[in-house]
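One structure is given here, and the rest of the page talks about it.
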Amino acid sequence: MRTTSVAAVKRLSVVLVLALGVALLPARALAANEAVLTSKVSCTNAHAVLGWSIFSTEEQHKVVWSKIGWILARRTWLTQVENVEPGVTRQLAFTQHRVKGNPKAHAYVAQCGFGGTCNEIAAIFTHGYKGVGVAHVDCGRLPSILIEPVRPEIPIATAAELAAADADALEELSDDDDDDDDDDAAEDDDDADDDDADEADDGDVDAKKAKKPKKAAKNDDDADDDDADDDDADDDDAKQQPKKKKKKSDDD
């Protein structure tokens, strides 16, 4: 039993060191490397370390627990209790801890009587909130590195708040659709402009082709003029030949 406890402490210590560093990174970096450690579903004494922080004010801690409040409001089958019953599903007990060896560090924990319940809350929380690192679930008692447990006040979102959030989500989705339609319309206009440009180019080509017959016709006219000149030259020759014969006759 002691060996198992020491191993769990070592494991959590490593995860805490990594997570406290990750908690200071931008949310986009977390989203690209999201991996929740899960426990055996059949575990009857599970806990989920939902995240870590070095927050210094109560308001900052309330932001974290308010995310849990929204999850509980959405998933009404999950029940918040003071102490979970081993082997009972859908029960959750939440605590906030200080971390031994780091007075500025805090851990946000959910305890479950069923491993599957802790797996569920850890996955949902990490997917929806990236401000305190990535959750991990383990089977067994909490490691001794987590000290000074405090039960937080978790504000549960009201039906009106849920409805308002849903309306905002639908409006945002509608705006995205409108933006897509505008992009499609702009793309259609660009295609139409391209088609007009292509038609204009085709018109220029046809105009150039139409000019070529005129040039050919001009060549034909020049050829006719040359033929006419040849005919005139023949006529002149014909006129000169009789004169030579007449002159010869006079000599005789």
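No experiment lies behind these values; they were computed from the predicted model shown.
A donor-acceptor contact shorter than 3.5 Å links the side chain of Glu161 to the backbone of Thr158. Asn119 contributes a side-chain N or O that, together with a main-chain N or O of Ser39, makes up a donor-acceptor pair within less than 3.5 Å. For Arg151 (side chain) and Glu82 (main-chain N/O), a donor-acceptor pair under 3.5 Å exists by modelled atom type. A donor-acceptor pair under 3.5 Å links the side-chain atoms of Gln60 to the main chain of Thr57, judged by distance alone.
Between Cys139 and Lys40, the closest side-chain pair of non-hydrogen atoms is not below 4.5 Å. Between Val137 and Cys118, the closest side-chain pair of non-hydrogen atoms falls below 4.5 Å. Here the side chains of Gln80 and Ile154 are in contact, with some heavy-atom distance below 4.5 Å. Between Leu146 and Val109, some side-chain heavy-atom pair lies under the 4.5 Å cut-off. Proximity of Leu92 to Val81: side-chain heavy atoms (C-beta onward) are nowhere separated by under 4.5 Å.
Between the CD atom in Glu120 and the OG1 atom in Thr38 there is a gap of 13.0 Å [rounded to 0.5 Å]. In this structure, Gln111 CD and His47 NE2 are separated by 8.0 Å, a value rounded to the nearest 0.5 Å. Summarising the geometry, atom CD1 belonging to Ile147 is positioned 6.5 Å from atom NZ belonging to Lys100; distances are rounded to the nearest 0.5 Å. Gln91 contributes atom CD, which lies 7.0 Å from atom OG1 of Thr79 (distance to the nearest 0.5 angstrom). Atom CD of residue Glu85 and atom CG of residue Asn45 lie 13.0 Å apart, to the nearest 0.5 angstrom.
For Thr89, the side-chain contact (heavy atoms from CB on, under 4.5 Å) criterion is met by Phe114, Thr117, not counting sequence neighbours.
Taking all atoms of both residues into account, the shortest heavy-atom contact from Val36 to Ala122 is CG1-CB, 3.9 Å.
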(message) Applying ring-ring contact (aromatic ring centres under 6.0 Å, His included) to His106 and His61, what does each step give before you reach the verdict?
(response) CA-CA 9 Å; His106 300 268; His61 295 309; 4.5 Å; yes
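Between Thr95 and Tyr108, the side chains place no donor N or O within less than 3.5 Å of an acceptor N or O (distance only, hydrogens not considered).
Aromatic ring centres of His97 and Trp52 lie farther apart than the 6.0 Å criterion allows.
The hydrophobic side chain of Leu170 is isolated, with no ILVMFWY side chain under 4.5 Å apart from it.
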Sequence neighbours excluded and cut-off under 3.5 Å, please list the side-chain donor-acceptor pairs for residues 65-72, or say none.
from: Trp65; atom 1: NE1; to: Gln96; atom 2: OE1; distance (Å): 2.9
from: Ser66; atom 1: OG; to: Lys62; atom 2: O; distance (Å): 3.4
from: Ser66; atom 1: OG; to: Val63; atom 2: O; distance (Å): 2.6

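Between Arg74 and Asp166 a salt bridge is recorded (basic side-chain N to carboxylate O distance below 4.0 Å).
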